[in-house]
Protein chains: 2
Amino acid sequence: MFSYVEENYLKAIYHLSQHGETSVSTNALAEEMKTTPASVSDMVRKLSKKKAVDYQKYRGVNVSNKGKEIALKVIRKHRLWEVFLVDKLKFKWDEVHEIAEELEHIKSPLLIKRLDEFLGFPKHDPHGDPIPDEDGNFSSVKKQPLQDTEVGAKATVIGVDDSSPAFLKYLDKVGISIGTKLSIEDKNEFDGSMDIVLEESKAITISPAAAVNLLVVIE
Amino acid sequence: MFSYVEENYLKAIYHLSQHGETSVSTNALAEEMKTTPASVSDMVRKLSKKKAVDYQKYRGVNVSNKGKEIALKVIRKHRLWEVFLVDKLKFKWDEVHEIAEELEHIKSPLLIKRLDEFLGFPKHDPHGDPIPDEDGNFSSVKKQPLQDTEVGAKATVIGVDDSSPAFLKYLDKVGISIGTKLSIEDKNEFDGSMDIVLEESKAITISPAAAVNLLVVIE
DNA sequence: CATTTTTTTTAGACAAACCAAAAACATACC
DNA sequence: GGTATGTTTTTGGTTTGTCTAAAAAAAATG
Ligand SMILES: [Mn+2]
Ligand SMILES: [Mn+2]
Ligand SMILES: [Mn+2]
Ligand SMILES: [Mn+2]
């Protein structure tokens with residue numbers, strides 16, 4: 001029905017539309033998919049013909065209900081496999097994304113049902129992202145970038161906005177993981193960096209680049 | 001390096017060459033791959049250019065050392081995933097082949113290493129077939145079709161030569177699985193059927209069609 | 001409203017897989 | 001040894017999926 005490339009496009013469109021604007025531009029999508037706007041235009045027209053996206057020329061794209069369903073199924077599979085890799089096969093959280101990119105395209109729905117059961121119906125993946133259920137529903141708490149959190153607040157890390165190994169390794173190094181509690185001590189006007197204290201009283205300073213990608217929930 | 005279709009071809013060539021003749025004919029391969037001789041000729045030429053098969057026109061194909069290595073890696077992955085599906089996800093032995101056909105093409109070698117470890121380094125898949133190690137070595141006991149076994153012999157079922165759901169379901173129904181011990185009571189000249197008694201003293205008669213596909217080792 | 005930027009279309013390319021029909025070949029029988 | 005027979009290869013072509021450079025069109029900007 002849908003090739004794995006088409007599935008990847010739908011996932012990317014869904015992702016970008018969640019993140020930023022209502023409508024996803026051709027150029028933004030081209031950058032995300034590491035390809036050219038012309039290729040994106042081609043594919044988007046194809047997906048539109050298949051009713052997987054809503055698309056008006058020059059107006060950007062959005063997943064249709066059908067497209068959203070497909071995207072969420074792929075996301076569900078991706079995240080469940082990530083849990084499997086970390087919980088069962090002892091991978092580290094920065095090692096699983098690439099492998100899950102392949103596994104997410106395995107078709108069998110029964111496989112995913114059984115995998116979900118085997119993993120104990122997890123609600124979040126190793127990066128703190130929620131796992132949609134079979135119907136595409138998932139609970140979302142109102143998380144925010146650490147960057148946007150007030151001085152004096154106490155917060156808990158519940159996710160990351162950048163799952164690159166570089167960032168995840170950095171977090172490991174400074175001692176931050178999903179569930180880490182922290183308090184914001186100060187923001188430095190000069191360079192936008194933030195002084196925070198982790199639950200075990202460890203004091204660190206983190207850059208704005210890190211702070212925008214660290215998602216927290218306020219206590 | 002090799003597409004999943006190429007991997008499937010190599011697996012099929014290896015399989016046919018193990019089974020029957022030294023050299024695999026175009027027609028035999030076409031039948032196995034459910035395609036036409038013309039397509040096979042095409043692909044075989046391509047694989048030959050890539051040094052994955054030894055091939056002389058009109059003389060049939062064989063996997064090269066390189067091709068054998070690839071085939072055995074795919075077979076290893078296939079069988080490990082089958083063990084995973086049956087042992088961990090509670091699939092039945094007749095349900096796993098299709099899914100493993102997809103999973104066997106996932107690339108990460110580390111994934112397979114960890115999976116092997118997670119499964120406790122199994123030596124055989126759910127159908128009794130040996131799982132090659134990382135270097136492509138596997139132990140093979142001298143199994144034979146039940147068909148070729150003498151009246152009066154006692155034997156243990158160690159594999160099947162046909163993994164189709166139809167056959168596996170039939171075996172479930174009559175109470176035969178890997179490890180079942182049985183004794184051969186009689187062969188009926190008339191239709192080639194065999195009377196056997198299973199370990200729990202259950203007496204059954206099985207057709208030649210079943211007997212050729214049931215692999216046993218004599219005690 | 002004119003210039004710049006963004007987006008789309010056009011026109012073409014490539015690669016992987018597939019197949020029907022024609023041609024070439026091997027070999028087995030007379 | 002010649003010829004009929006079945007097998008294999010080649011030819012020529014299709015489909016699907018993806019990609020790009022460059023031209024054209026639309027939108028945004030000042
Ligand atoms: Mn991921
Ligand atoms: Mn993730
Ligand atoms: Mn199998
Ligand atoms: Mn098997």
Side-chain angles (χ1 to χ4, degrees), chain A residues 1-13 16-17 19-63 67 70-71 74 101-102 104-107, chain B residues 1-13 16-17 19-63 67 70-71 74 101-102 104-107:
Chain A
M1 198 65 193
F2 286 84
S3 74
Y4 77 90
V5 175
E6 289 173 328
E7 287 187 343
N8 284 339
Y9 266 90
L10 289 172
K11 211 174 51 150
I13 295 165
L16 289 175
S17 75
H19 230 260
E21 341 308 312
T22 28
S23 231
V24 178
S25 83
T26 304
N27 275 13
L29 192 47
E31 195 181 345
E32 175 87 4
M33 298 295 294
K34 291 176 191 354
T35 184
T36 61
S39 300
V40 170
S41 251
D42 251 18
M43 179 55 84
V44 157
R45 196 156 14 92
K46 207 173 89 187
L47 289 172
S48 176
K49 207 174 294 167
K50 284 181 155 185
K51 308 276 185 216
V53 297
D54 295 325
Y55 173 54
Q56 300 146 47
K57 294 189 209 177
Y58 299 99
R59 300 269 119 181
V61 237
N62 259 304
V63 289
I70 293 162
V74 174
E101 280 298 317
E102 280 191 72
E104 73 187 5
H105 302 292
I106 302 288
K107 294 183 181 65
Chain B
M1 198 66 191
F2 286 84
S3 74
Y4 77 91
V5 176
E6 289 173 328
E7 289 188 341
N8 284 339
Y9 266 89
L10 289 172
K11 211 173 50 150
I13 295 166
L16 289 176
S17 75
H19 231 260
E21 340 309 310
T22 28
S23 230
V24 178
S25 82
T26 303
N27 272 15
L29 193 47
E31 196 182 344
E32 176 87 3
M33 298 296 294
K34 291 178 190 352
T35 182
T36 61
S39 301
V40 169
S41 254
D42 253 16
M43 178 56 85
V44 158
R45 194 156 17 88
K46 207 172 90 188
L47 289 172
S48 175
K49 208 174 295 168
K50 284 181 154 185
K51 308 278 186 212
V53 297
D54 296 323
Y55 172 55
Q56 299 147 47
K57 291 189 208 177
Y58 297 102
R59 299 269 120 174
V61 237
N62 259 303
V63 289
I70 293 162
V74 175
E101 281 298 315
E102 279 192 73
E104 72 187 6
H105 302 293
I106 302 289
K107 291 181 184 67

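Quick note: numbers below take in every heavy atom, side chains included, and nothing from hydrogens, waters or symmetry partners.
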**Q** Report yes if at least one side-chain N or O of Y55(B) is closer than 4.0 Å to OP1 or OP2 of dT8(D); otherwise report no.
**A** no
**Q** Is there a side-chain contact (heavy atoms from CB on, under 4.5 Å) between Y9(B) and T35(B) once you walk through the steps?
**A** CA-CA 11 Å; Y9(B) 266 89; T35(B) 182; 3.7 Å; yes
**Q** Walk me through whether M43(B) and V5(B) qualify under side-chain contact (heavy atoms from CB on, under 4.5 Å).
**A** CA-CA 9 Å; M43(B) 178 56 85; V5(B) 176; 3.8 Å; yes
**Q** Identify the heavy atoms of I13(B) and L47(B) that sit nearest to each other, and give their distance.
**A**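 Heavy atoms of I13(B) and L47(B) come nearest at CD1-CD1, 4.4 Å.
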**Q** Starting from P on dT8(D), measure out to CD on E31(B) and report it in whole angstrom.
**A**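 Roughly 12 Å, once rounded to whole Å.
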**Q** Summarise protein proximity over nucleotides 12-20 of chain C in one line of letters, 5' to 3': B for base, S for sugar-phosphate only, - for none, counting protein heavy atoms closer than 4.0 Å.
**A** -----SBBB
**Q** Atom CD of Q56(A) to atom C1' of dT6(C): distance rounded to whole Å?
**A**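 It works out to 17 Å between those atoms.
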**Q** Between P on dT18(D) and CZ on F2(A), what's the gap in Å once rounded to a whole number?
**A** 12 Å
**Q** If we ignore hydrogens and angles and just use 3.5 Å, is the side chain of K46(B) paired with the main-chain N or O of E6(B) as donor and acceptor?
**A**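 Not a single qualifying donor-acceptor pair exists.
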**Q** With a 4.0 Å cutoff (strictly under), does any side-chain N or O of N27(B) reach OP1 or OP2 of dG6(D)?
**A** no
**Q** Could you give me the CA-CA distance, side-chain angles and deciding distance for I106(A) and I106(B), then say whether side-chain contact (heavy atoms from CB on, under 4.5 Å) is met?
**A** CA-CA 9 Å; I106(A) 302 288; I106(B) 302 289; 4.2 Å; yes
**Q** Report the C-alpha distance between E7(B) and K107(B) in whole Å, list the side-chain angles of each, state the deciding distance to 0.1 Å, and finish with yes or no for salt bridge (Lys or Arg N to Asp or Glu O under 4.0 Å).
**A** CA-CA 12 Å; E7(B) 289 188 341; K107(B) 291 181 184 67; over 6 Å; no
**Q** Within the sub-3.5 Å range, which N or O atoms of nucleotides 24-30 of chain D have a protein N or O partner, and how far apart are they?
**A**
none

**Q** Looking at R45(B), I'd like to know whether one of its side-chain N or O atoms comes within less than 4.0 Å of OP1 or OP2 on dT8(D).
**A**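 No.
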**Q** Evaluate the side-chain contact (heavy atoms from CB on, under 4.5 Å) criterion for residues T26(B) and V44(B): first the C-alpha distance (whole Å), next the side-chain angles of each, then the deciding distance (0.1 Å), finally the verdict.
**A** CA-CA 9 Å; T26(B) 303; V44(B) 158; over 6 Å; no
**Q** Step through the shown structure and confirm whether more than 12 heavy atoms of other residues, nucleotides or ligands are within 6.0 Å of CD on E31(A).
**A** no
